[in-house]
Colleague: 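This structure is in structure tokens; I'll ask about it shortly.
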Amino acid sequence: YSNRFEDFCPRFTSLDEGAQRKAIASFATSIAAAESNMSSFAVYYEETLGYESSGLFSLSYVDKKNYNCDFSESEDKGLPDQDKTLFQTDRQVDCFLKISRKLLTAPEKFSFLKSLSKKDKKAQSNPKYLTVAQKMSAYWSILRPGNAGVKRFQRMKEKTLPAECK
């Protein structure tokens, strides 16, 4: 995760492993606050995708195929929400980590590079110049400039970012 995580936590690379974990937890908490208001049972219909996103990080059954997340639509049919694999907090966190790892380590595999601001030609031409927020915005639109969720993300970041990062 240390690759370009400094834009979220400026001192990230100099922190010990425990402090780095706190910074990553702050990042995850900030995304969950912006995406779902910290609710494992939040549901949002993604018009542009044609399906619902659910839980802390607005995940879906499609993420099983794309990121090897441990959700099962067939097992979940007919179950109350609290029993569905998609709404289990531990599975949501595990899926968030899988998606994050892929976005942070292989951003060139995502088509979002073309949508970056023209001012950001350096990042468009070489993914190593992408910030963490730019990489993560390929999945979580709340991190894209101009999205209303950016303010919710920033507010939670201010509340949860470890002192070691500042």
Side-chain angles (χ1 to χ4, degrees), residues 1 3-5 7-9 20-117 127 130-162 165:
Y1 281 97
N3 183 15
R4 301 278 299 175
F5 206 78
D7 56 289
F8 181 78
C9 173
Q20 285 183 345
R21 287 178 185 264
K22 286 181 191 175
I24 292 168
S26 170
F27 189 75
T29 301
S30 298
I31 288 178
E35 283 287 350
S36 68
N37 203 22
M38 302 296 284
S39 171
S40 293
F41 297 98
V43 177
Y44 175 76
Y45 183 74
E46 302 276 1
E47 285 189 39
T48 57
L49 300 175
Y51 54 80
E52 290 179 342
S53 290
S54 305
L56 290 168
F57 305 104
S58 295
L59 305 169
S60 70
Y61 292 110
V62 175
D63 296 322
K64 177 181 178 114
K65 182 180 124 199
N66 295 339
Y67 303 99
N68 198 29
C69 294
D70 193 18
F71 304 134
S72 176
E73 192 169 14
S74 60
E75 285 179 34
D76 287 354
K77 281 195 191 314
L79 292 175
D81 284 351
Q82 70 268 14
D83 296 333
K84 292 181 179 181
T85 59
L86 186 62
F87 291 106
Q88 293 174 11
T89 304
D90 59 334
R91 293 180 192 227
Q92 291 174 19
V93 171
D94 183 60
C95 187
F96 166 81
L97 292 171
K98 288 177 180 181
I99 294 168
S100 299
R101 202 169 289 119
K102 192 169 184 179
L103 289 170
L104 292 173
T105 59
E108 65 280 356
K109 294 183 179 180
F110 297 87
S111 61
F112 75 102
L113 288 175
K114 293 175 188 153
S115 67
L116 293 174
S117 161
L130 291 168
T131 66
V132 170
Q134 287 171 324
K135 290 176 184 179
M136 301 296 267
S137 73
Y139 188 95
W140 289 285
S141 63
I142 53 100
L143 295 172
R144 294 179 194 145
N147 187 302
V150 171
K151 288 181 182 173
R152 290 191 305 273
F153 174 85
Q154 292 292 24
R155 278 195 304 271
M156 184 56 77
K157 175 187 170 186
E158 289 169 15
K159 289 180 186 177
T160 63
L161 192 64
C165 285

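These numbers come from the heavy atoms of this one structure, side chains and all, not from hydrogens, waters or symmetry mates. Residue numbers count from 1 along this sequence.
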Colleague: Search all heavy atoms of Phe87 against all heavy atoms of Ser40 and return the closest pair with its distance.
Modeller: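 Between these two residues, the closest heavy atoms are CD2-O, 3.1 Å.
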
Colleague: Under the side-chain contact (heavy atoms from CB on, under 4.5 Å) criterion, do Ser53 and Trp140 qualify, and how do the steps go?
Modeller: CA-CA 11 Å; Ser53 290; Trp140 289 285; over 6 Å; no

Colleague: To check you understand the geometry: which heavy-atom pair defines the closest contact between Phe153 and Ala34, and what is its length?
Modeller: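 Scanning both residues, the minimum pair turns out to be N-CB, 3.8 Å.
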
Colleague: Say you draw a straight line from CD1 of Ile142 to CZ of Arg152; how long is it, rounded to the nearest 0.5 Å?
Modeller: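 Between Ile142 CD1 and Arg152 CZ, I get 7.5 Å after rounding to 0.5 Å.
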
Colleague: Verify side-chain contact (heavy atoms from CB on, under 4.5 Å) between Tyr67 and Tyr139, making sure each step is shown before the conclusion.
Modeller: CA-CA 11 Å; Tyr67 303 99; Tyr139 188 95; 3.8 Å; yes

Colleague: With rounding to the nearest 0.5 angstrom, report the OG to CZ distance, Ser30 to Arg155.
Modeller: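 With rounding to 0.5 Å, OG (Ser30) is 11.0 Å from CZ (Arg155).
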
Colleague: Look up atom OG in Ser60 and atom CD in Glu46, then write down how far apart they are to the nearest 0.5 Å.
Modeller: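 Reported to 0.5 Å precision, the distance equals 8.0 Å.
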
Colleague: Quick one: closest heavy-atom pair of Lys102 and Asn66, and the distance?
Modeller: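 Scanning both residues completely, I find the closest heavy atoms to be NZ-O, 3.3 Å.
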
Colleague: Roughly how far apart are Ser58 OG and Leu49 CG, rounded to 0.5 Å?
Modeller: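 One finds 10.5 Å between OG of Ser58 and CG of Leu49.
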
Colleague: Under the criterion side-chain contact (heavy atoms from CB on, under 4.5 Å), I'd like the reasoning laid out for Phe71 against Gln88: C-alpha separation, chi angles, the key distance, then a yes or no.
Modeller: CA-CA 9 Å; Phe71 304 134; Gln88 293 174 11; over 6 Å; no

Colleague: Kindly check if the number of other-residue, nucleotide or ligand heavy atoms within 6.0 Å of CD (Gln82) is above 12?
Modeller: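 Buried by this count: over 12 neighbours within 6.0 Å.
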
Colleague: Taking all atoms of both residues into account, what is the closest heavy-atom pair of Asp70 and Thr85, and its distance?
Modeller: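 Nearest pair, atom of Asp70 first, then Thr85: O-CB, 4.0 Å.
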
Colleague: For Tyr61 and Ser72, work out which heavy atoms get closest and say how close.
Modeller: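 That would be CE2-C, 3.7 Å.
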
Colleague: Short question: side chain of Ser26, backbone of Lys22 - any donor-acceptor pair under 3.5 Å?
Modeller: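 It does not hold such a pair.
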
Colleague: What is the distance from atom CD of Glu75 to atom CG of Asp83, rounded to the nearest 0.5 Å?
Modeller: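 If I round to the nearest 0.5 Å, the distance is 12.0 Å.
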
Colleague: So how far is it from Lys64 NZ to Glu73 CD, rounded to the nearest 0.5 Å?
Modeller: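 One finds 10.5 Å between NZ of Lys64 and CD of Glu73.
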
Colleague: For the pair Asn37 (side chain) and Ser39 (backbone), establish whether a donor and an acceptor sit closer than 3.5 Å, ignoring hydrogens and angles.
Modeller: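 No, the answer is negative, given that no donor and acceptor are paired below the 3.5 Å cut-off.
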
Colleague: Side chains of Val150 and Leu143: closer than 4.5 Å at any heavy-atom pair?
Modeller: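 No; the side chains remain at least 4.5 Å from each other.
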
Colleague: Please say which of Ile99, Val93, Asp63 ends up in a side chain to side chain contact (heavy atoms under 4.5 Å, CB included) with Phe57.
Modeller: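 The side chain to side chain contact (heavy atoms under 4.5 Å, CB included) with Phe57 is passed solely by Val93 among Ile99, Val93, Asp63.
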
Colleague: Of all the heavy-atom pairs spanning Ala28 and Phe96, show the shortest one and how long it is.
Modeller: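 Looking at all heavy atoms of both residues, the shortest contact is CB-CE2, 3.4 Å.
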
Colleague: So, the side chain of Gln92 versus the backbone of Leu56: is there a donor-acceptor pair under 3.5 Å, distance only?
Modeller: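 Such a contact is found between Gln92 side chain and Leu56 backbone.
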
Colleague: Salt-bridge test for Asp81 and Lys84: reply yes if a basic N is under 4.0 Å from a carboxylate O, no otherwise.
Modeller: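 Salt bridge present between Asp81 and Lys84.
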
Colleague: Checking Lys157 against Phe8: charged group under 6.0 Å from the ring centre and within 45 degrees of the axis?
Modeller: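 Yes, a cation-pi geometry holds between Lys157 and Phe8.
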
Colleague: With no hydrogens and no angle check, is any side-chain donor or acceptor of Lys98 less than 3.5 Å from a backbone partner on Asn68?
Modeller: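 Indeed, once roles are kept as given, a pair shorter than 3.5 Å links the two residues.
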
Colleague: Tell me whether the centres of the aromatic rings in Tyr51 and Tyr44 are closer together than 6.0 Å.
Modeller: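 No, the ring centres sit 6.0 Å or more apart.
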
Colleague: Look only at the side chain of Thr29 and the backbone of Ala25, and say whether a donor-acceptor pair between them is shorter than 3.5 Å.
Modeller: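 Yes, because the side chain of Thr29 sits within donor-acceptor range (under 3.5 Å) of the backbone of Ala25.
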
